[in-house]
Every structure is written in C-alpha cells, then in structure tokens.
Novice: 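Just dropping this structure here.
Here, residue 1 is the first one in the sequence, and each next residue gets the next number. Computed from heavy atoms alone, side chains included, the values below leave out hydrogens, waters and symmetry copies.
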Amino acid sequence: MRRALELAQAATAHGDVPVGAVVFRSATGEVLGEGLNRREADNDPTAHAEVVAIRKAAAALGDWRLNDCTLAVTLEPCAMCAGAIVNARVGRVVFAAPDPKAGCTGSLMRLTEDPRLNHRVRPLGGLLASSSSEMLRAFFRARRG
C-alpha cells in the first residue's frame, strides 16, 4: 500500500485525483502492474489507477486471469473498477480509504461480492486509510482554492 500511496501522490503532478494501485502476486509479492489515475493526463475516463494496474499486470502475466494476485489501491474502487476486478478474476483486494460517494466494494454497494456474478472477492478496507484520506483532502482543498 505504501507504493500505491507514492503512485497516488505522483498523479497530482498532472492534475489527477491522487489514487494509486499495485497488482502483485499474492504468494511472492512480485509486482506485476502499477497504475495511477490518468484521466486528466490521457483524457480517458477509463484511466483509473486500478484499470491501469490491472492492464499492466495482465500483460506481464500474458493472461487476463489474475486469480493469484492482490490489488492494493488507495481509494475504494468505483463501479467500473469493481467490474474490472471481477472480470479480471483478481484474487484479493485491499484498499485504504473508503469512498462514500462512489465506492462499490462496501460503501454504496458490494459489487465484488455479488453472488449473481461468476467471480467474487471480499475486499479488505482501511489499510493506511488516514494517509490516503489526508492526501485526497489536501488535493481537493487545493483545487477549491
């Protein structure tokens, strides 16, 4: 999660919301993909940190199935990212700060745990939450002036 926080901070350099994500092999800790928000930098509404990291991890593995991987992200995944997590078959999800406005792994809904879907993963939230929350608050304070 500390690496994800570093990536989140880097996102602010190009005006993106500070969110960072890392996908690693659960058994060994080998990093397979990293991402940071790039919506503003790339003018791409799908360029969330989680999606960027999942794409890189799948490319590194040569397989879209990330069953034996963990995704660590600094902010609770939204509906799009939760859907990507399910579709990539991510084995474990850990996030820092909850997102009461858009979070779909516990706050608004539990998309990754929906029994109607073909893959389920129960996320663990709260790891280094205060660090992530403070970074997000500082970012939005600065934007408001």
Novice: Looking only at heavy atoms, what is the nearest atom pair of Arg116 and Asp114, with distance?
Specialist: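 Nearest heavy atoms, Arg116 then Asp114: NH2-OD2, 2.5 Å.
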Novice: Taking atom SG of Cys78 and atom NZ of Lys101, what is their separation to the nearest 0.5 Å?
Specialist: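 Interatomic distance, Cys78 SG to Lys101 NZ, rounded to 0.5 Å: 15.0 Å.
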Novice: Does atom CZ of Arg92 have more than 12 heavy-atom neighbours from other groups under 6.0 Å away?
Specialist: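 It does not: Arg92 CZ has 12 such atoms or fewer within range.
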Novice: Are Arg120 and Glu113 ion-paired here, with the side-chain N under 4.0 Å from a carboxylate O?
Specialist: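 Salt bridge: no.
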Novice: According to a 4.5 Å side-chain heavy-atom criterion applied to Ile, Leu, Val, Met, Phe, Trp and Tyr, with indirect links allowed, do Phe139 and Leu36 form part of one hydrophobic cluster?
Specialist: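 As far as the 4.5 Å side-chain criterion goes, Leu36 and Phe139 are not connected within one cluster.
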Novice: Distance check, rounded to the nearest 0.5 Å: Thr112 atom OG1 versus His119 atom NE2?
Specialist: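 Reported value, rounded in 0.5 Å steps: 8.5 Å.
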Novice: Search all heavy atoms of Gly35 against all heavy atoms of Ala53 and return the closest pair with its distance.
Specialist: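 Nearest heavy atoms, Gly35 then Ala53: N-CB, 3.7 Å.
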Novice: How far apart are the closest heavy atoms of Ala11 and Pro18, and which atoms are they?
Specialist: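 Distance-wise, the nearest heavy atoms are CB-CA, 4.2 Å.
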Novice: Around atom CZ of Arg3, are there more than 12 heavy atoms from other residues, nucleotides or ligands closer than 6.0 Å?
Specialist: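 It does: Arg3 CZ has more than 12 such atoms within range.
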Novice: Going by heavy atoms in the side chains, are Val17 and Phe140 under 4.5 Å from each other?
Specialist: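 In contact.
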Novice: Not counting sequence neighbours, which residues clear side-chain contact (heavy atoms from CB on, under 4.5 Å) with Cys104? List them please.
Specialist: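 Applying side-chain contact (heavy atoms from CB on, under 4.5 Å) to Cys104 gives Ala79, Ala82, Met109, Leu111.
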Novice: Is a side-chain donor or acceptor of Thr105 paired with a backbone partner of Pro123 at a separation under 3.5 angstrom?
Specialist: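 Answer holds: no.
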Novice: To which residues is Val51 joined in a hydrophobic cluster, defined by side-chain heavy-atom contacts under 4.5 Å among Ile, Leu, Val, Met, Phe, Trp and Tyr, whether direct or through other members?
Specialist: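 Taking Ile, Leu, Val, Met, Phe, Trp and Tyr as members, Val51 shares its hydrophobic cluster with Met80.
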Novice: Donor-acceptor pair, Thr12 side chain versus Gln9 backbone, under 3.5 Å?
Specialist: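 Yes; judged by distance alone, with no hydrogens or angles, the pair exists.
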Novice: For the side chain of Asp42 and the backbone of Asp44, is there at least one donor-acceptor N/O pair under 3.5 Å apart?
Specialist: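 No, Asp42 side chain to Asp44 backbone: no donor-acceptor pair under 3.5 Å.
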Novice: Looking only at non-hydrogen atoms, find the nearest pair between Ser107 and Glu76 and report the distance.
Specialist: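 Heavy atoms of Ser107 and Glu76 come nearest at OG-OE1, 2.6 Å.
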Novice: Are Arg55 and Glu50 close enough for a salt bridge, meaning some N to O gap below 4.0 Å?
Specialist: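 Not counted as a salt bridge, because no side-chain N and carboxylate O are separated by less than 4.0 Å.
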Novice: Tell me, do Leu7 and Val22 make a side-chain contact under 4.5 Å, heavy atoms counted?
Specialist: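 Yes, at least one pair of side-chain atoms sits under 4.5 Å.
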Novice: Which value, rounded to the nearest 0.5 Å, describes the distance between Cys81 atom SG and Asp99 atom CG?
Specialist: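 Going from the SG atom of Cys81 to the CG atom of Asp99 covers 10.5 Å.
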Novice: Less than 4.0 angstrom from a charged side-chain N to a carboxylate O is my criterion; do Lys56 and Glu34 meet it?
Specialist: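 Looking at Lys56 and Glu34, the cut-off is not met.
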Novice: Does atom CG (Asp68) have a neighbourhood of more than 12 heavy atoms from anything else shown, all under 6.0 Å?
Specialist: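 Open: at most 12 neighbouring heavy atoms sit under 6.0 Å from CG of Asp68.
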Novice: Same cluster for Leu32 and Phe24 if Ile/Leu/Val/Met/Phe/Trp/Tyr side chains link at under 4.5 Å?
Specialist: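 Cluster IDs for Leu32 and Phe24 differ.
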Novice: Is Val19 linked to Phe95 within one hydrophobic cluster, defined over Ile, Leu, Val, Met, Phe, Trp and Tyr using a side-chain heavy-atom separation of less than 4.5 Å?
Specialist: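 Same cluster.
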Novice: Checking Ser26 against Thr70: is there a side-chain donor and acceptor pair closer than 3.5 Å?
Specialist: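 Short answer, yes.
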Novice: Look up atom CZ in Arg89 and atom CZ in Arg65, then write down how far apart they are to the nearest 0.5 Å.
Specialist: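 Rounded to the nearest 0.5 Å, the CZ-CZ separation comes out at 7.0 Å.
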Novice: Under the criterion side chain to side chain contact (heavy atoms under 4.5 Å, CB included), I'd like the reasoning laid out for Val90 against Val23: C-alpha separation, chi angles, the key distance, then a yes or no.
Specialist: CA-CA 9 Å; Val90 174; Val23 175; 6.0 Å; no
Novice: Indicate if Leu61 and Leu71 have the same hydrophobic cluster label, given that clusters are the connected sets of ILVMFWY residues with side-chain heavy-atom separations under 4.5 angstrom.
Specialist: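 Yes, Leu61 and Leu71 fall within the same hydrophobic cluster.
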Novice: Side chain to side chain contact (heavy atoms under 4.5 Å, CB included), that's the test. Do His48 and Arg38 meet it? Break it down for me.
Specialist: CA-CA 6 Å; His48 288 204; Arg38 297 196 51 84; over 6 Å; no
Novice: Where do Val86 and Val121 land on the side chain to side chain contact (heavy atoms under 4.5 Å, CB included) test, with the steps shown first?
Specialist: CA-CA 8 Å; Val86 169; Val121 59; 5.6 Å; no
Novice: For atom CZ of Arg2, decide whether the heavy atoms of other residues, nucleotides or ligands shown that lie under 6.0 angstrom number more than 12.
Specialist: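 No, CZ of Arg2 has 12 or fewer neighbouring heavy atoms, counting only those of other groups under 6.0 Å.
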Novice: Under 4.5 Å between side-chain heavy atoms, hopping through other hydrophobics if needed: is there a path connecting Leu136 to Leu5?
Specialist: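 Looking at the clustering, Leu5 is in a separate group from Leu136.
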Novice: Could you tell me whether a side-chain N or O of Asn37 sits under 3.5 Å from a main-chain N or O of Ala49, the two making a donor and an acceptor?
Specialist: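 Answer holds: yes.
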Novice: For Asp16 and Ala41, indicate whether the former's side chain and the latter's backbone hold a donor-acceptor pair under 3.5 Å.
Specialist: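 Judged by distance alone, yes, a pair lies under 3.5 Å.
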Novice: Determine yes or no for a side-chain-to-main-chain donor-acceptor pair under 3.5 angstrom, with Thr74 supplying the side chain and Ala4 the backbone.
Specialist: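 No; judged by distance alone, with no hydrogens or angles, the pair does not exist.
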Novice: Could you give the distance from CG (Leu127) to CE (Met1), rounded to the nearest 0.5 Å?
Specialist: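 The distance works out to 4.5 Å.
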